[in-house]
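Below, all heavy atoms of this structure are taken into account, side chains as well, without hydrogens, waters or symmetry copies. Every chain is numbered from 1, with letters handed out A, B, ... down the list of sequences. These numbers were taken from a predicted model, which means no experiment stands behind them.
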Amino acid sequence: MKKIINKFHFKWMMRTHYTNQLKDLENGTYVTICGWIQEIRNIGNIAFIIVRDREGIAQVTLLKNDHGDEEFQKIVSLSRESTICVKGKINKNTKSKLGVEIYPEKIDILSIAEAPLPMGVVDKVSVDIETRLNERFMDLRRPEVLSLFKVESSLGKSIRRTLEEDGFLEVHTPKIIATATEGGTNLFKVKYFEKDAYLVQSPQLYKQIMMAAGFDRVYEIAPAFRAEEHNTTRHLNEFISIDIEMSFATHEDAMSLLEKVITNAIEFVIKNNKDDMNRLNLNWKIPERPFPRVTYSELLDYVNKNGVEMKFGEDFSSEALELIGKKYKEFYFITRWPMETRAFYVMPCEDDPTFGKAFDLQYGEREITSGAQRNHNYNSLKENIEKKGLDPKSFEFYLEAFKYGMPPHAGWAIGLERLTMILTGVKNIREVTLFPRDRKRVVP
RNA sequence: GCCCCGGUGGUGUAGUGGCCUAUCAUAUGGGUCUGUCACACCCAUGACCUGGGUUCAAAUCCCAGCCGGGGCGCCA
């Protein structure tokens with residue numbers, strides 16, 4: 001029972017191999033592959049069936065002489081994208097450009113696709129993103145789309161590994177909350193029995209509470225919800241937030257960790273996603289650490305001297321970031337932000353409380369992440385909440401945690417889709433979101 | 001929220017008042033072909049977002065609606 005015939009434990013499944021494993025087999029080996037009929041090229045007395053699965057494509061070569069008229073006709077008239085399993089013999093002396101083909105002995109027809117398809121998987125016509133998202137299951141069959149998600153999966157996997165290796169505990173904080181957390185962003189209201197509740201925009205307050213709880217280092221990979229009516233190619237109303245928080249640590253420590261996480265993730269993809277990177281035409285290099293640190297004030301000067309007007313205390317506009325992105329083309333941190341541009345929980349700098357120990361990680365003109373050392377002093381934190389015009393009463397559950405021993409702590413959050421979008425260079429964040437939720441779309 | 005733009009076969013498009021009985025590609029159905037791999041070739045099928053208006057004449061102009069796209073803003 002325990003015998004494994006390959007690393008994917010296919011013994012108990014219909015298939016024996018993925019299509020990309022066939023090349024390494026000996027001539028004459030019997031295999032069963034399962035997948036979708038991508039294409040049938042029928043030449044008359046011989047037909048080539050291209051079968052696609054998650055890992056690639058394979059050619060099944062069907063000879064009329066071997067199968068008889070009726071059987072041949074039945075198979076070549078199958079519609080594209082029907083699902084089949086093919087049991088047959090490997091032939092490596094093939095003229096096929098794939099270098100290997102299967103002479104079938106048995107073809108199981110599992111599901112017949114209707115025709116025409118709502119969109120072509122390999123057609124030579126481009127399809128609007130709108131149509132693609134409406135027919136997303138079909139769009140996701142396209143190899144280049146799958147590759148994006150394989151890269152995204154690897155990024156997430158590597159980030160998780162790095163954090164695990166560094167002793168972070170995975171936690172799960174509530175996504176339904178009672179009060180409007182940090183102010184600013186609009187929240188989605190939901191009915192919670194007889195009460196009103198909201199969907200969280202970020203696990204920020206809870207991961208800080210976990211520092212008071214003594215969990216020391218935590219991470220959470222979970223959805224966050226924002227009810228902003230933005231209509232852009234880089235915002236989603238639901239996205240995956242990779243959040244970390246670490247105790248007895250400063251913003252410098254948080255930045256070092258972030259550099260490591262990002263660098264490891266890129267290295268992991270380079271190692272494990274060669275095919276996907278080729279398909280997507282990506283040519284990544286492992287970035288050098290440490291990433292440059294540039295202060296807010298330096299950049300403020302820079303943009304003002306280069307023709308983009310900006311006042312102290314403002315955030316960088318798209319125009320300003322575009323200019324900065326021309327100077328800093330890769331990863332860099334923007335540090336020492338004015339407190340007024342940041343959330344109440346940021347720790348002010350000791351030498352000048354006008355500034356906070358906050359940072360943004362940028363890639364060229366695009367923002368990947370924000371983070372900061374947090375204010376762990378109860379009184380000062382409460383004051384900052386008031387300064388921002390928020391009501392400390394609605395933060396009681398949070399503030400309580402600061403009264404009975406709260407270590408200094410720091411953290412950050414990465415939007416998984418945003419990171420994938422920036423690294424792969426896709427123009428629209430929806431490309432790297434399976435089923436995006438935006439201003440207009442709740443289906444599928 | 002503000003500004004701009006669009007909606008033509010299943011899919012992607014051409015068409016800016018009569019030349020439209022609407023172009024092309026792809027797709028789909030049928031046919032020929034024993035080594036295709038963007039198969040090739042032949043035949044066929046299939047469309048002007050909805051409603052109102054202007055006009056001798058509307059895919060084309062105007063109004064309203066519906067649906068969508070892009071940019072900016074917002075984005076602890």
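For the C1' atom pair drawn from C66(B) and G52(B), the interatomic distance equals 15 Å after rounding to whole Å. Spacing of C1' atoms, G18(B) relative to A58(B), comes out at 10 Å, to the nearest Å. Annotation: A47(B) and G9(B) have their P atoms spaced 9 Å apart (nearest Å). U50(B) sits 10 Å from C67(B) when the C1' atoms are compared, rounded to a whole Å. Rounded to a whole angstrom, the distance from the C1' atom of G46(B) to that of C24(B) is 15 Å. Remark: the separation of the P atoms in C63(B) and C5(B) is 12 Å, to the nearest Å. Comparing the C1' positions of U60(B) and U11(B) gives an interatomic distance of 24 Å, to the nearest angstrom. Atom name C1', nucleotides A14(B) and C20(B): the rounded distance is 12 Å, in whole Å.
When the nearest nucleotides of RNA chain B are assigned to Gln73(A) and Arg226(A) by heavy-atom distance, the more 5′-ward of the two goes with Gln73(A).
Each of C37(B), G12(B), U34(B) was ranked by its minimum atom distance to the side chain of Arg41(A); first place goes to C37(B).
Partner of Tyr206(A) under the ring-ring contact (aromatic ring centres under 6.0 Å, His included) criterion, out of Phe397(A), Tyr398(A), Phe215(A): Phe397(A) alone. Among Leu140(A), Val426(A), Thr420(A), the single residue meeting the side chain to side chain contact (heavy atoms under 4.5 Å, CB included) criterion with Leu148(A) is Val426(A).
Taking each heavy atom of Glu81(A) and Gln38(A) in turn, the nearest pair found is OE2-CA, 4.0 Å. Across Arg234(A) and Ile429(A), no two heavy atoms sit closer than the pair O-CD1, 3.7 Å. Scanning all heavy atoms of the two residues, the minimum distance from Asp139(A) to Met119(A) falls at OD1-CE, 3.7 Å. When all heavy atoms are compared, the tightest approach of Val218(A) to Met210(A) is CG1-CB, 4.1 Å.
Annotation: side chain of Ile240(A) is in contact with side chain of Glu417(A) (closest heavy-atom distance under 4.5 Å). Annotation: side chain of Arg141(A) is in contact with side chain of Arg52(A) (closest heavy-atom distance under 4.5 Å).
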- [ ] Could you walk me through whether Glu245(A) and Arg374(A) pass the salt bridge (Lys or Arg N to Asp or Glu O under 4.0 Å) test, one step at a time?
- [x] CA-CA 10 Å; Glu245(A) 202 69 30; Arg374(A) 325 298 192 186; 2.7 Å; yes
Open item on the list: One pair to check against salt bridge (Lys or Arg N to Asp or Glu O under 4.0 Å): Lys440(A) and Glu130(A). What are the steps and the verdict?
Closed with: CA-CA 11 Å; Lys440(A) 302 274 174 66; Glu130(A) 191 58 23; over 6 Å; no
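Following rounding to the nearest Å, Trp337(A) (CH2) and A76(B) (C1') show an atom-to-atom distance of 13 Å. Rounded to whole Å, the distance from CG on Asp438(A) to P on G69(B) is 6 Å. Per the geometry, CD belonging to Glu130(A) stands 17 Å off P belonging to C66(B), to the nearest Å. Residue Ile40(A) contributes atom CD1, which lies 18 Å from atom P of U36(B) at whole-angstrom precision. Atom CH2 in Trp412(A) sits about 18 Å away from atom C1' in A76(B), given to the nearest Å. Remark: P of G69(B) and CD1 of Ile429(A) are 15 Å apart, rounded to the nearest angstrom.
Taking the centre of each ring, Tyr219(A) and Trp412(A) stay at or above the 6.0 Å mark.
Shown here are the disulfide bond (SG atoms under 2.5 Å apart) partners of Cys34(A), two or more places apart in sequence or in another chain: Cys85(A). Contacts of Lys150(A) classified as side-chain contact (heavy atoms from CB on, under 4.5 Å), with partners at least two apart in sequence or in another chain: Arg54(A), Glu55(A), Leu146(A), Asn273(A), Asp276(A).
Side-chain contact of Gln59(A) with Thr94(A): a donor-acceptor pair under 3.5 Å is absent, judged by distance alone. A side-chain N or O of Asp253(A) and one of Thr250(A) form a donor-acceptor pair less than 3.5 Å apart. A donor-acceptor contact closer than 3.5 angstrom links the side chains of Ser147(A) and Arg279(A).
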What N/O pairs connect the protein and nucleotides 71-74 of chain B at under 3.5 Å? Give each pair on its own line.
residue, atom, partner, partner atom, Å
G73(B), OP2, Ser318(A), OG, 2.8
G73(B), O6, Asn231(A), N, 3.3
C74(B), O2', Glu228(A), OE1, 3.4

Find every protein N or O atom lying less than 3.5 Å from an N or O atom of nucleotides 40-47 of chain B, and list the pairs.
none

Scan nucleotides 3-9 of chain B against the protein and return all N/O pairs shorter than 3.5 Å with their distances rounded to 0.1 Å.
none

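Counting non-hydrogen atoms under 4.0 angstrom, Glu39(A) reaches the backbone sugars and phosphates but no base. Counting any heavy atom pair closer than 4.0 Å across all strands shown, Lys388(A) reaches no nucleic acid atom. Across all strands shown, Asp66(A) has no heavy atoms under 4.0 Å from either base or sugar-phosphate atoms.
In this structure, CZ in Arg441(A) is found 8.5 Å from CZ in Arg430(A), a value given to the nearest 0.5 Å. Between Asn375(A) atom CG and Glu383(A) atom CD the span is 9.5 Å, to the nearest 0.5 Å.
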What side-chain donor-acceptor pairs closer than 3.5 Å can you find for residues 403-410 of chain A, not counting sequence neighbours?
residue, atom, partner, partner atom, Å
Lys403(A), NZ, Glu400(A), OE2, 3.0
His409(A), ND1, Pro407(A), O, 2.9
His409(A), NE2, Gln208(A), NE2, 2.9

Open item on the list: Across nucleotides 24-30 of chain B, 5' to 3', mark each nucleotide with B, S or - according to how protein heavy atoms within less than 4.0 Å reach it.
Closed with: -BSSS--
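Enclosure of atom CD in Glu105(A) by more than 12 non-hydrogen atoms of other residues, nucleotides or ligands within 6.0 angstrom is indicated.
Every pair passing side-chain hydrogen bond (donor to acceptor under 3.5 Å, both in side chains) that includes a residue from residues 294-316 of chain A is listed here, sequence neighbours excluded: Thr295(A)-Glu298(A). The stretch residues 354-374 of chain A participates, sequence neighbours left out, in these ring-ring contact (aromatic ring centres under 6.0 Å, His included) pairs: Phe312(A)-Phe355(A), Phe331(A)-Tyr363(A), Phe333(A)-Phe359(A).
For C75(B), the OP1/OP2 oxygens have no side-chain nitrogen or oxygen of Asn237(A) closer than 4.0 Å.
With Gln21(A) contributing its side chain and Tyr18(A) its backbone, the two residues share a donor-acceptor pair below 3.5 Å.
For RNA chain B, if you chain together Watson-Crick or G-U pairs that step i with j, i+1 with j-1 and so on, the runs of at least three with distances under 3.5 Å are B:1-7 with B:66-72, B:10-12 with B:24-26, B:27-32 with B:40-45, B:49-53 with B:61-65.
Near RNA chain B, meaning a heavy atom under 4.0 Å from it, residues 131-144 of chain A has Thr131(A) in order of number. Near-neighbour residues of RNA chain B inside residues 94-112 of chain A, defined by a heavy atom below 4.0 Å, number-ordered: Thr94(A), Lys95(A), Ser96(A), Lys97(A), Glu101(A), Tyr103(A).
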